[in-house]
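Notes follow the structure.
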Amino acid sequence: MPEPKEDIFEVIPEAWQAVEIFLFVQSQWRVDSGALIGLDYLAVKWVFELFEVKKPIEMLSDLQIIEAKVVEILSKRSEK
């Protein structure tokens, strides 16, 4: 059996909190007819409050970049 491939990615310090928040909400997706739509923003709001995010609009923008990439990758995988 082949060894699982492990990808290692560097995260710039300014983006680390967005990554942490994404990891907390990564199971909170909106789905419609089996298609991934995006994150449940009520869950995101709760995590923002939990983390005491000082600039929520900027953090949401960072989180949406991660969210969009995940949706893109998972959509491509489901097409195969």
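Bear in mind that the values here come from a model prediction, so they are computed numbers and not experimental data. In this chain, numbering begins with 1 at the start of the sequence shown. Because only heavy atoms are used, hydrogens play no part in the values below, and waters and symmetry mates are left out as well, while side chains stay in.
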I want to check something: taking the side chain as every heavy atom from C-beta on, are W29 and L39 in contact at a cut-off of under 4.5 Å?
yes
Rounded to the nearest 0.5 Å, the CG atom of L63 sits from the OH atom of Y41 at a distance of 6.5 Å
Scanning both residues in full, the closest heavy-atom pair of I37 with V71 reads O-CG2, 4.3 Å
I'd like a table of donor-acceptor pairs (distance under 3.5 Å, sequence neighbours excluded) in which one partner is a side-chain atom from residues 15-23, with atom names and distances.
unit_1, atom_1, unit_2, atom_2, d
W16, NE1, E20, OE2, 3.4

Would L36 end up clustered with I65 when hydrophobic side chains under 4.5 Å apart are linked, directly or stepwise?
no
Would you mind writing out the side-chain donor-acceptor pairs for residues 43-60 within the sub-3.5 Å range, not counting sequence neighbours?
unit_1, atom_1, unit_2, atom_2, d
K45, NZ, E49, OE2, 3.1

